[in-house]
Q: 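I'd like to ask some things about the structure below.
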Amino acid sequence: MSIRLRLALWYGGLFALVLLLVGLLSYAFHARGHYDDLDRALVTSASHAVAETALLTAEPHLVEGSGGLEVALRLYDPTGVLREASPGAGILPPIDPQAVLRTPAGPAFDALAGLVPPLTGPPPAPGSGAFGLLSTAEQRWRVYILPLQRDGIVAGYIEALAPLGRLDASMARLRAILLLMGVAGLAAALVGSWAVAKRALGPISRMIQTARAIALSRDFSRRIEAPPSRDELGRLAETFNEMLASLETAYRLQQRFVSDASHELRAPLTAIQGNLELLRRQQDMSEADRAEALAEAEREAGRLTRLVADLLALARADAGLHLKRRPVDLDAVVLDAFREARQLAQGQTLILEPFEPVKVMADEDRLKQLVLILLDNALKYTPAGGQVTLGLQRHDGSAEIIVRDTGVGIPPEDLPHVFERFYRADPARSRDPGGTGLGLSIAHWIVEEHGGHISLTSEPGRGTTAVVSLPVNA
Ligand code: ADP
C-alpha cells in the first residue's frame, strides 16, 4: 500500500472519527435538551393545575389557561374515567392513569440522546406523578399523570399532554442533515487528502524515478531536480545529490585507477616479454648482450613486484582495511628506516638529526614503510653530492618526521597532484625511472590511518621538504 493511500486513509479516518463524534454529541445534547424541556413544562403545568383546582373549587375542575402553550390538560375521576379535557385534547383517546402510574414510560428521546447527560439543568423529576407516552395515528404524545390528593385520598388525576410530532420531525430532520453532511464531509476529506498527499509526495515520486534511472544507467553525473523549498524533501534531494557527487567521484577514480594500473602493469610485462623473445630467437647473441637482456627482464620483474605490492596495499586501503595500532617507539622506527635507506644512497649524504625518544600509537611496519617512501623519494630526486636530512621533532601532542633534500624539487603546478595515484611529475627527472607513482598515495593513506597529516613543500632546483605530523598519545 502506497504512503499516499495510507496518508489519505489515515487522514480520512481521523476526520470521519471527529465528524462522527461532533455530529453524535451535538445531536444528543440538542435532542435531550428539547425533550427534557418538554417534560419539565408538563410537570409544571400539571402541578399548577393541581394547585389551582385545590384552591378554587371543592370539586376538582380544570381551570382555563393553566395548561400553557402547547400543553393540554385532562381530568380523570379516582376510578380513571375521563371527566374533563381542555380544548385540543378532547379528540385524543383517554389513557389509564393508574396504569401509567404503575408502569411509567421511559424518556421520549431515542437511545442516542440518552448517551449524554442533560445539559440544561437537572433531569425533570416526575415527583409523585409519572410520565407516559401515547401514540395516535398522526403522532406521539408525551403524557404526565399527577394524582389529585384531597385529605389524604386520591380525588382524581390531572393529565398534562404535549404533542411530540413537531419535535420528532425536527429531530429526524437533524439526524438526516448530520448524516448527509457527515458522508459529504468524509468524501471531501478523502478526496482532499488524496490530492494533498499527491502534491506533497510528488517530489518523492520524481526522486524515485531519477534514482531508478541513475541505478539502471550508472550515470552518476545526473542529479535529482531538488524541490525549491528548504523543507525535509528539499534536504533529502540535496543529500541525495551530495551522495551522487561522491559516488561519481569514487566511480571515476576507480575507473581511472583500474585503467592506470593496467597501463602501468603492461609496460614491464612488455619489456620482459620482449627480452625473453630476444633471448629465444637470437641464439648467437654475445655474452654481454645476453646478460644485459636478462638484467633488464629482472629489473622489470622487480618493478612489477613492487607495483603489485603497492597496488595491493592501496586496494586493501580502499576496501576499508584499518591498521592495528599499538604503542611504538617512533625513534626506533625512524632509526631503522634510516639504516635501510643508507644502502639505497648513491653518492648523496644522509644526515640524521639528533632527536628524543617518542612513543606513538601506530602500526610499526606501516610506519617504517612511510619513512622509507619519503627517504626513497628524497634519494631518487637528489643527484649525487646532494644531501638528505632526516629529523624527528617532538611538539605538544604531536611528533613530526621531517625529510629534507637538496634535490631537483617539484614544479609548483605538480605539487598539488603528487599524492594522486600514479601521478609522476616528469619521470625523466628521476634518477630511477622505475617509480610507480604510488609511493606518496600510500604514504598519505598511512598518515591518515594514524590520524596525522602530511605536507610537501618544494623549491624547484633547490630541494623538497616532507613533513609528517603524528598525534602522540592518540
Ligand atoms: P614515484 O614512484 O614516482 O616516486 P610518488 O607517489 O612517490 O611516486 O611521487 C609522486 C611524484 O612526486 C614523483 O613522481 C615526483 O615527481 C614527485 N616527488 C616526490 N617526492 C619528491 C622529492 N623528494 N623531490 C622531487 N620530486 C618528488
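Indexing begins at 1, ligand by ligand and atom by atom, following the structure's order. Note that the coordinates shown come from a computational prediction; the quantities given were computed from them, not determined experimentally. All heavy atoms count here, side chains included; hydrogens, waters and symmetry mates do not.
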Q: Using distance alone, decide if ligand 1 has a nitrogen or oxygen within less than 3.5 Å of any nitrogen or oxygen in Asn377.
A: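 There is such a contact, yes.
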
Q: Ion pair present between Arg303 and Glu264, side-chain N to carboxylate O less than 4.0 angstrom?
A: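 So Arg303 pairs with Glu264 through a salt bridge.
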
Q: Does only the side chain of Phe419 get under 4.0 Å from ligand 1, or the backbone, or both, or neither? Count heavy atoms.
A: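 No part of Phe419 comes within reach of ligand 1.
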
Q: Any idea which atoms of ligand 1 are less than 4.0 Å away from a heavy-atom of Arg424?
A: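 Here the atoms of ligand 1 in question are 3 (O), 14 (O).
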
Q: With a 4.0 Å cut-off on heavy atoms, is Gly409 touching ligand 1?
A: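 So Gly409 counts as touching ligand 1.
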
Q: Any atoms of ligand 1 less than 4.0 Å from a non-hydrogen atom of Lys380? List them with their elements.
A: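 Within the 4.0 Å cut-off of Lys380, ligand 1 contributes 1 (P), 2 (O), 4 (O).
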
Q: Check this for me, if you would: do Asp37 and Arg40 make a salt bridge, where the nitrogen-to-carboxylate-oxygen distance has to be below 4.0 angstrom?
A: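 Here Asp37 pairs with Arg40 in a salt bridge, since their nearest N and O are under 4.0 Å apart.
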
Q: Which ligand 1 atoms are under 4.0 Å away from a heavy-atom of Gly437?
A: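 Result: 1 (P), 2 (O), 3 (O), 6 (O), 8 (O).
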
Q: Do the side chains of Glu248 and Arg252 get close enough for a salt bridge, i.e. N-O under 4.0 angstrom?
A: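 Salt bridge present between Glu248 and Arg252.
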
Q: With sequence neighbours excluded, what pairs up with Glu449 under the side chain to side chain contact (heavy atoms under 4.5 Å, CB included) test?
A: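 Glu449 satisfies side chain to side chain contact (heavy atoms under 4.5 Å, CB included) with His322, Leu323, Trp445 once adjacent residues are dropped.
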
Q: Heavy atoms only: which of Ile373, Leu456, Val418, Leu415 lies closest to atom 12 (O) of ligand 1?
A: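 Checking each option, the heavy atom nearest atom 12 (O) of ligand 1 is found in Val418.
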
Q: Does the distance from a Lys or Arg side-chain N to an Asp or Glu carboxylate O, for Arg421 and Asp260, drop under 4.0 Å?
A: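 No, no charged N to carboxylate O under 4.0 Å.
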
Q: Could I get the full list of salt bridge (charged side-chain N to carboxylate O under 4.0 Å, His left out) partners for Arg394, not counting sequence neighbours?
A: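 With neighbours one apart ignored, the set is empty.
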
Q: Side chains of Gln393 and Phe355: does their closest heavy-atom pair fall under 4.5 Å?
A: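 The answer is no, as the side chains (C-beta and beyond) never meet within the 4.5 Å cut-off.
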
Q: Record the part of Thr464 in heavy-atom contact with ligand 1 below 4.0 Å; permitted values are side chain, backbone, both and neither.
A: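 The side chain, only.
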
Q: Just jot down the ligand 1 atoms closer than 4.0 angstrom to any heavy atom of Asp405, in number order.
A: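 Atoms satisfying the 4.0 Å criterion: 22 (C), 23 (N).
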
